[in-house]
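Please read all numbers here as calculations on a predicted model, not as lab measurements.
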Amino acid sequence: MSDAEALSRILAARYSCRAFRPDPLPMALIEEIVAEARKVPSWCNAQPWQLVVTSAPETDRLRSELAQEMTRASHTPDIPFPERYSGIYKARRSTCGWQLYDAVGVEKGDRDGSHRQMMENFRFFGAPHVAVLTSAAELGPYGLVDCGGFLSALTLAAAARGVATIPQAALASHAPFLHRFFELPQERTVVCVVSLGRADEAHPANSFRTERAEMGEVLRWQG
């Protein structure tokens, strides 16, 4: 298999996992994944990304304390969330959401069911580990762009090793809590949280795959 074929296979295999097995991963495996991801380019080679990864027991403590935090705190992300989703972006968001609801049996109008599924975000979908990705605040948007490249490489390096992931912006909406829990200095911007572990492949939440835009929507030639 050529390098191009191997990469294409990994890209096709990667998906956002929404149900994990509880088995912890070896620390050496996580370090190997991060070691691969850090090879991506960044502006002026600044490499603004940093990760804090929880052990399985610490993930359980985080899950418990986050549940308490959500009863008394509002959403306060370090990075402003999108003002709105309109047009094709709204349509893609809706399609993805209904693919998930259909997979897990949540019918239209079932607010309790949709709320329960939404709350799985804050249980990390049962993952044994979470990784908090931060950037250097002083680098602003371009530091975030660099972290996006690192995040993509992280998920692909994980997929190549049979490790499932899901990047989660929802958890970053509780940035003040994450700063306190992980003792993150204010000069670090919380980008997102990545839940990771082995996929529960039998779970219906992992039975669908999201769509991708046609090439004509992505690529335009000039000249």
Side-chain angles (χ1 to χ4, degrees), residues 1 3-42 47-56 59 62 77-79 81-82 92-93 95-97 99-100 103 120-135 142-173 178 182 189-201 203 205-213 218:
M1 181 183 295
D3 288 350
E5 290 169 332
L7 178 58
S8 180
R9 181 183 61 79
I10 294 165
L11 283 163
R14 189 218 61 82
Y15 66 97
S16 291
C17 179
R18 292 178 174 86
F20 292 86
R21 303 203 310 259
D23 323 56
L25 299 172
M27 183 182 296
L29 176 58
I30 296 175
E31 290 182 348
E32 184 179 306
I33 290 168
V34 175
E36 288 295 304
R38 66 195 173 100
K39 296 174 182 176
V40 295
S42 60
Q47 304 175 65
W49 47 78
Q50 290 181 6
L51 282 180
V52 182
V53 182
T54 58
S55 65
T59 304
L62 175 62
D78 281 350
I79 305 167
F81 276 18
R92 289 170 183 164
R93 185 171 187 254
T95 297
C96 176
Q99 282 183 291
L100 173 59
E120 284 297 306
N121 278 282
F122 302 98
R123 292 187 58 259
F124 323 126
F125 301 104
H129 306 282
V130 295
V132 179
L133 174 61
T134 67
S135 180
Y142 283 99
L144 302 179
V145 169
D146 289 340
C147 284
F150 175 83
L151 178 62
S152 293
L154 184 79
T155 61
L156 293 173
R161 292 160 175 80
V163 173
T165 59
I166 180 168
Q168 296 177 254
L171 299 173
S173 68
L178 295 175
F182 291 101
T189 296
V190 175
V191 180
C192 70
V193 171
V194 184
S195 295
L196 66 159
R198 301 292 185 187
D200 180 354
E201 296 177 356
H203 196 287
N206 289 330
S207 65
F208 74 97
R209 298 293 181 267
T210 51
E211 302 170 349
R212 289 296 178 267
V218 178

What are the two closest non-hydrogen atoms of [X] and [Y], and how far apart are they?
X	Y	answer
F208	A103	CD2-CB, 4.0 Å
V190	V132	CG1-CG1, 4.4 Å
A172	L178	CA-CD1, 4.2 Å
F81	A169	CZ-O, 3.4 Å

Pair up each side-chain donor or acceptor in residues 6-15 with any protein partner under 3.5 Å, not counting sequence neighbours, and list the distances.
none

Taking only residues two or more places apart in sequence or in another chain, which ones pass side chain to side chain contact (heavy atoms under 4.5 Å, CB included) with [X]?
X	value
P24	A56, H129
Y142	W43
E211	T95

Are the side chain of S135 and the backbone of T189 linked by a donor-acceptor contact shorter than 3.5 Å?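 Pair absent, no side-chain N/O of S135 close to backbone of T189.
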Determine whether a donor-acceptor pair (N or O, by modelled atom type, separation under 3.5 Å) exists between the side chain of N206 and the backbone of A19. yes
[atom1] of [X] to [atom2] of [Y]: how many Å apart, nearest 0.5 Å?
X	Y	atom1	atom2	value
D200	C17	CG	SG	8.0 Å
S55	L25	OG	CG	12.0 Å
R18	E120	CZ	CD	11.5 Å
R209	C96	CZ	SG	11.5 Å
I33	L196	CD1	CG	6.5 Å

Taking salt bridge (Lys or Arg N to Asp or Glu O under 4.0 Å) as the test, write out the residues that go with D3, two or more places apart.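 Scan of D3 (salt bridge (Lys or Arg N to Asp or Glu O under 4.0 Å), adjacent residues dropped) gives none.
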With E201, which residues qualify under salt bridge (Lys or Arg N to Asp or Glu O under 4.0 Å), at least two apart? none
Only counting residues at least two apart or in another chain, list the ones meeting side-chain hydrogen bond (donor to acceptor under 3.5 Å, both in side chains) with [X].
X	value
E36	K39
S195	Q168
Q99	none
R92	E217

Take W49 and V40 through the test side-chain contact (heavy atoms from CB on, under 4.5 Å) and record every step on the way to the result. CA-CA 11 Å; W49 47 78; V40 295; 3.6 Å; yes
Answer yes or no: is there a side-chain heavy-atom contact under 4.5 Å between L51 and V194? no
Would you mind reporting whether I166 and F124 have side-chain heavy atoms less than 4.5 Å apart?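 Answer no - side chains too far apart.
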Do R212 and T210 get their side chains close enough for a donor-acceptor pair, meaning under 3.5 Å?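 Their side chains do contain a donor-acceptor pair, which is all the 3.5 Å distance test asks for.
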Filter on salt bridge (charged side-chain N to carboxylate O under 4.0 Å, His left out), then keep only pairs touching residues 144-166, sequence neighbours left out; what's left?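 Every salt bridge (charged side-chain N to carboxylate O under 4.0 Å, His left out) pair that includes a residue of residues 144-166, provided the two are not neighbours, is E32-R161.
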Name the atoms and distances for all side-chain donor-acceptor pairs under 3.5 Å in residues 150-158, with sequence neighbours left out.
from	atom 1	to	atom 2	distance (Å)
S152	OG	G148	O	3.3
T155	OG1	S152	O	2.9

